[in-house]
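For the numbers below, each heavy atom of this structure counts, side chains included, while hydrogens, waters and symmetry mates do not. Counting starts at 1 for both ligands and their atoms, in listed order.
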Amino acid sequence: MERYVIKGGKALKGVVPIYGAKNAALALIAAAILTEEPVIINNLPDVSDINVLLEAISQIGAGVERLSRHQVRIVGATVNSHQVNYDYISKIRASYYLLGALLGRFHEAEVAMPGGCVIGARPIDQHIKGFEALGAKVSLTNGQIKAKAEKLRGNHIYFDVVTVGATINIMLAAAMAEGNTVIENPAKEPHVVDLANMLNSMGANIRGAGTDVIRIKGVPRLHKTEYTVIPDQIEAGTFMFAAAVTGGEITVANVIPKHLESITSKLVEIGCDVIEYDEAVTVRALGTLKATQVKTLPYPGFPTDMQPQITTALALAKGSSTVTESIFENRFKYVAELARMGAKIKVEGNTAIISGVKTLTGARVSAPDLRAGAALVLAGMRAEGTTIIDDIKYIQRGYEAFDEKLRGLGADIVKEDYDEEMRTEKIG
Ligand code: UD1
């Protein structure tokens, strides 16, 4: 297994290029199998979640060829199975996008039911409601969700909660349904818009993505395309907060500043200077951070995927802050790890109450999930002494070359192998 060893205390400085958005790329890979023709996706991040989904589509027969580290060619013509193996869904939840894609193309799909995960129960009732509205019969047996339809027909779908996953799944299923589909109360995240743009470049007719209503006119078939994934808003936000946490100055390059607005405005509120350029944003810490209140919300609100990073910054701010998590019910597990580094945070229900401390101290901690893992790395960058972060496989799910990029900004971080048994012995 691999871990990071960080010697903290250095203010990070420099320019860091941001790669393609993992969460957008997952949807685009599923969309690629809606057509028999070849689809080329550029700016694909080389992270484990993406590689698992590419394996999943290759297991059902799709041609997958990496043209380079960040470019893939997918050919859906050879897809010969509508059944996605449990192994994939257990490794990566977003494999359930293949439910929407296979249903859309073949009117039949079978994918293992995703379980809850470390951040919450994560039901999929809205996905099922949407598929049924399009005319599919959906059943759950032996842990498998089966969706089947004679014909998919457009319909009016209202989501009871704002959900990125269901919005994407229904767009995939409805792109080639007969007639018109209207999705009310959809998610407006940049990757929902990115999926609509890619599908439209394949011949779909989708309007309104990014607004309160998405309108889809079904088309009989989709065709080839070459498409470039948008920059990763959360990777960018993580580096922007790295500047705040370490008292440094970081420019995130190759970004769309508009997608970063909620992050930028919180950084300004806590006392950082933020300069926006056409395709870059510079964040400069201006001394001790200030306390604030934050609530996570669907886009354009402050993203839940940035919640651990802002909590880490506020752990070092002067005064008392609160962070309220309104998307997932169990997303504060990492707080216990931050506390081991000296943070003073009390969690009451879905709110973290933070009393800022002057500094953190290095400790051995474990990454409980992807974004919390990244936040612990930021904490380690700032902490006095050495921080060891175990279980970095979670971080590697969504951050490509994270340690390399941090070293480029002056961080003292190395990745090393360690023996799980040794760890148990030492801790136990
Ligand atoms: C996506 C992102 C994830 C991000 C999250 C919220 C991907 C691959 N993942 O996850 O990084 O943290 O959006 O921005 O893009 N819900 C229901 N019923 C449903 C579906 C969802 O009640 O059928 C609830 C969920 O439990 C959660 C909320 O709706 O409380 C939002 O979930 P959703 O937007 O669907 O998150 P994901 O798509 O899983």
Report the C-alpha separation of Lys188 and Asp212 in whole Å, then their side-chain angles, then the decisive distance to 0.1 Å, and conclude whether the salt bridge (Lys or Arg N to Asp or Glu O under 4.0 Å) test is met.
CA-CA 7 Å; Lys188 300 179 203 160; Asp212 290 327; 2.8 Å; yes
Would Arg69 and Glu400 satisfy salt bridge (Lys or Arg N to Asp or Glu O under 4.0 Å), going step by step from the backbone distance to the final call?
CA-CA 11 Å; Arg69 184 166 180 187; Glu400 178 179 339; 3.1 Å; yes
Tell me whether the NZ or CZ atom of Lys266 lies within the 45° cone about the ring axis of Phe241 and under 6.0 Å from its centre.
no
Nearest neighbour in protein (non-hydrogen) for atom 18 (N) of ligand 1
Asp125 OD1, 2.7 Å
To which protein heavy atom is atom 22 (O) of ligand 1 closest, and what is the distance rounded to 0.1 Å?
Pro123 CG, 3.4 Å
Under a 4.0 angstrom heavy-atom cut-off, which atoms of ligand 1 come close to Gln126?
18 (N), 19 (C), 23 (O)
Above 12 or not: heavy atoms from other molecules or residues under 6.0 Å from NZ of Lys217?
no
With a 3.5 Å cut-off and no angle check, do the side chains of Thr238 and Gln309 form a donor-acceptor pair?
yes
Considering only heavy atoms of His191, which atoms of ligand 1 have at least one such atom less than 4.0 Å away?
15 (O)
Nearest non-hydrogen contact with atom 38 (O) of ligand 1 belongs to which option: Gly165, Ala187, Ser326, Pro298?
Gly165
Against heavy atoms of Val161, which atoms of ligand 1 measure under 4.0 Å?
16 (N), 17 (C), 22 (O), 29 (O)
Assert yes or no for the condition that the ring centre distance of Tyr418 to Tyr4 is strictly below 6.0 Å.
no
Sole candidate of Arg371, Lys22, Lys405 that passes side chain to side chain donor-acceptor pair (under 3.5 Å) when paired with Tyr399
Arg371
For atom 25 (C) of ligand 1, the option (of Tyr96, Phe159, Tyr299, Phe328) bearing the nearest heavy atom
Phe328
Would you say the side chains of Glu189 and Gln233 form a donor-acceptor pair under 3.5 Å?
no
Counting from 1, what ligand 1 atoms have a heavy atom of Thr304 closer than 4.0 Å?
6 (C), 12 (O), 14 (O)
Any heavy atom of Ile168 sitting closer than 4.0 Å to ligand 1?
no
Can you tell which part of Thr163 has a heavy atom less than 4.0 Å from ligand 1: side chain, backbone, both or neither?
both
Salt bridge (Lys or Arg N to Asp or Glu O under 4.0 Å): pairs with one or both residues in residues 240-253, sequence neighbours excluded:
Glu249-Arg284
Starting from atom 3 (C) of ligand 1, what is the nearest protein heavy atom, named by residue and atom, and what distance separates them?
Asp305 OD2, 3.5 Å
Selected option - heavy-atom contact closest to atom 37 (P) of ligand 1, from Arg122, Arg371, Arg331, His127
Arg122
Among Val164, Asn23, Asp49, which one puts a heavy atom closest to atom 2 (C) of ligand 1?
Asn23
What part of Ile327 sits under 4.0 Å from ligand 1 if we count only heavy atoms: the side chain, the backbone, both or neither?
both
